[in-house]
Novice: 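I have a structure here, written as structure tokens, and I will follow up with some questions on it.
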Amino acid sequence: MLEVPSGTTVEPRIGPGARVLSHFYLQQGLDQEIADALARRSFLVRHQRSAAPEPLNSQYIEFVLFGTVLVNGRIWGGNYVLGNLDLFTEVPSVTRLEHVQFLSATRTVRVPRTTLRAIAFRNLTVVRMIHQRIMTYVKDFEDLYGTDGTRPVHRVARLLHHLAYQQDLGAEIVIGALDSNVVTGPTQRDFANALNMGVSTVEKALRELRDHKILAEAADSGRLNRTYRVLDTDHLHAIGCGANLPKLDPDPD
């Protein structure tokens, strides 16, 4: 493997790595020829957890397979795209440059922006893939960070379920992915800032989910405030969709 600065490791395009890259692009709806062409110019990249946000390299587009990232104050997981997908602009605007912090170990597919742009201009299926990614981002942003009047516990549950679900999708592509029932990386303050809540409000929401055995107790989940083990995925999803939490049975005397 080739080590590069800032806790990033770029894997060689040989053996299993090459097959993973081609399989990833096939999963995006591209045909074998185009998938192989993109795979030949792409890399699998491992990012270690970083201490602070840093500006993205505008020369690349990175498709997140799994992990947790903080981008311009919002928390995202697998299936997120790092970089400017406006491929009709030859040079991306510096005013639209994203700042990313890797909240957990994260794996991505990295492709030069010029390569993706050149292939997209020749193949409508690549344009369609990019359009679908943009539309998914718009929908997810509205679902996760829009103001819909639901209680804080619903919004926290929705974001946790989204992160776990996207990580599970990445596990289907890359062997050795993290446990899809465990979300790692964000602190309670990260959740609070991303959702425009107070830290105490996030703490209360997490306590409700733990009291109902939807999340494991923090002491059972690893590192305090950075690890969230999902015990009941179906109920987490239901709460995220607005379902009411059932009343807890009183403790027996």
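Scope of the values below: all heavy atoms of this structure, side chains included, with no hydrogens, waters or symmetry mates.
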Novice: To check you understand the geometry: which heavy-atom pair defines the closest contact between G185 and S104, and what is its length?
Specialist: CA-CB, 4.2 Å

Novice: For Y80 and T108, run side chain to side chain contact (heavy atoms under 4.5 Å, CB included): C-alpha distance rounded to whole Å, both residues' side-chain angles, the deciding distance at 0.1 Å, then the answer.
Specialist: CA-CA 10 Å; Y80 186 77; T108 66; over 6 Å; no

Novice: Report the distance from atom CE of M129 to atom CD1 of I34, rounding to the nearest 0.5 Å.
Specialist: 9.5 Å

Novice: For Q48 and T106, run side chain to side chain donor-acceptor pair (under 3.5 Å): C-alpha distance rounded to whole Å, both residues' side-chain angles, the deciding distance at 0.1 Å, then the answer.
Specialist: CA-CA 7 Å; Q48 297 304 313; T106 301; over 6 Å; no

Novice: Do L116 and I130 come close enough that some side-chain heavy atom pair is under 4.5 Å?
Specialist: yes

Novice: Which atom pair, heavy atoms only, marks the closest approach of V156 to L206?
Specialist: CG1-CD2, 3.9 Å

Novice: Under a plain distance cut-off of 3.5 Å, with no hydrogens placed, do Y228 and T184 share a side-chain donor-acceptor pair?
Specialist: no

Novice: Any side-chain heavy atom of I214 within less than 4.5 Å of one from L245?
Specialist: yes

Novice: Contact between D140 and W76 at the side-chain level, heavy atoms closer than 4.5 Å - yes or no?
Specialist: yes

Novice: So R133 and F63, do their side chains get closer than 4.5 Å, heavy atoms only?
Specialist: yes

Novice: Please answer whether the main-chain N or O of G83 pairs with a side-chain N or O of E98 as donor and acceptor at a distance below 3.5 Å.
Specialist: yes

Novice: Stepwise, does the side chain to side chain contact (heavy atoms under 4.5 Å, CB included) test hold for T233 with L236?
Specialist: CA-CA 5 Å; T233 301; L236 184 67; 5.6 Å; no

Novice: Whether the side chain of S42 engages the backbone of L38 through a donor-acceptor N/O pair (distance < 3.5 Å, no angle test) should be reported.
Specialist: yes

Novice: Quick check on the hydrophobic clustering: are V138 and V64 connected, directly or via other members, by side-chain heavy-atom contacts under 4.5 Å?
Specialist: yes

Novice: I need the minimum non-hydrogen distance between K213 and D232, along with the two atoms involved.
Specialist: O-CB, 4.2 Å

Novice: Which heavy atom in A39 sits nearest to a heavy atom in S22, and how many Å separate them?
Specialist: CB-N, 3.7 Å

Novice: Heavy atoms only: give me the nearest G77-L163 pair and the separation to one decimal.
Specialist: N-CD2, 3.5 Å

Novice: So how far is it from D143 CG to H162 NE2, rounded to the nearest 0.5 Å?
Specialist: 9.0 Å

Novice: Would a distance-only check, ignoring hydrogens and angles, find a side-chain to backbone donor-acceptor pair under 3.5 Å from H237 to H161?
Specialist: no

Novice: May I ask you to say whether E208 pairs ionically with R151, meaning some side-chain N is under 4.0 Å from a carboxylate O?
Specialist: yes

Novice: Any chain of hydrophobic side-chain contacts (each under 4.5 Å) joining L85 to L30?
Specialist: yes

Novice: Examine distances only and state if a side-chain atom of Q167 and a backbone atom of V182 form a donor-acceptor pair shorter than 3.5 Å.
Specialist: yes

Novice: Once rounded to the nearest 0.5 Å, what's the spacing between atom CG of L65 and atom CG of L44?
Specialist: 6.5 Å

Novice: Starting at CG of L215, measure out to CG of L209 and round the result to the nearest 0.5 Å.
Specialist: 5.0 Å

Novice: Establish, from distance only, whether the side-chain atoms of R49 and Q101 form a donor-acceptor pair under 3.5 Å.
Specialist: no

Novice: Hey, what's the ring geometry for F141 with Y145, parallel, tilted or perpendicular (30° and 60° as the breaks)?
Specialist: tilted

Novice: Under 3.5 Å, is there a donor-acceptor pair between the side chain of N72 and the main chain of H99?
Specialist: yes

Novice: When you measure from the centre of the six-membered ring of Y60, is the NZ or CZ of R110 closer than 6.0 Å and no more than 45° off the axis?
Specialist: yes

Novice: Looking at R107 and G67, would you say the former's side chain and the latter's main chain have a donor-acceptor pair under 3.5 Å?
Specialist: no

Novice: According to a hydrophobic-cluster definition based on side-chain heavy atoms being under 4.5 Å apart (Ile, Leu, Val, Met, Phe, Trp, Tyr only), do L26 and V127 belong together?
Specialist: no

Novice: Would a 4.5 Å heavy-atom cut-off, applied to side chains only, mark Q59 and R113 as touching?
Specialist: no

Novice: Is there a donor-acceptor contact under 3.5 Å from the side chain of N123 to the main chain of T125?
Specialist: no

Novice: Please round to the nearest 0.5 Å and tell me the distance separating atom CD1 of I239 and atom CG of D234.
Specialist: 11.5 Å

Novice: Without swapping roles, check the side chain of R210 against the backbone of A216 for a donor-acceptor pair under 3.5 Å.
Specialist: yes

Novice: Any Lys/Arg nitrogen of E217 or R207 sitting under 4.0 Å from an Asp/Glu carboxylate oxygen of the other?
Specialist: yes

Novice: Do the rings of F102 and H47 sit parallel, tilted or perpendicular, given the 30° and 60° boundaries?
Specialist: parallel

Novice: Under a 4.5 Å cut-off applied to non-hydrogen side-chain atoms, are V100 and E54 in contact?
Specialist: no

Novice: Flag yes if I75 and M197 sit in one hydrophobic cluster, no otherwise; membership is Ile, Leu, Val, Met, Phe, Trp, Tyr, and two members link when side-chain heavy atoms are under 4.5 Å apart.
Specialist: yes

Novice: Please evaluate residues V20 and H23 with respect to the criterion side chain to side chain contact (heavy atoms under 4.5 Å, CB included), reporting the C-alpha separation (whole Å), side-chain torsions for both, the decisive distance (0.1 Å), and the verdict.
Specialist: CA-CA 5 Å; V20 168; H23 179 63; 5.7 Å; no

Novice: So which of T68, T187, V183 actually passes side chain to side chain contact (heavy atoms under 4.5 Å, CB included) with R226?
Specialist: T187

Novice: Compute whether any side-chain donor of one residue and acceptor of the other, for T115 and R41, lie under 3.5 angstrom apart.
Specialist: yes

Novice: Any side-chain heavy atom of Y25 within less than 4.5 Å of one from V109?
Specialist: yes

Novice: Which heavy atom of L70 sits nearest to which heavy atom of D190, and what is that distance?
Specialist: CD2-OD1, 4.3 Å

Novice: More than 12 heavy atoms of other residues, nucleotides or ligands under 6.0 Å from NE2 of H154: is that the case?
Specialist: yes

Novice: Distance from L160 atom CG to L144 atom CG, nearest 0.5 Å?
Specialist: 10.5 Å

Novice: So, applying side chain to side chain contact (heavy atoms under 4.5 Å, CB included) with L82, which one of N57, I61, V71 is it?
Specialist: V71

Novice: Does some side-chain heavy atom of T9 sit less than 4.5 Å from a side-chain heavy atom of V45?
Specialist: no

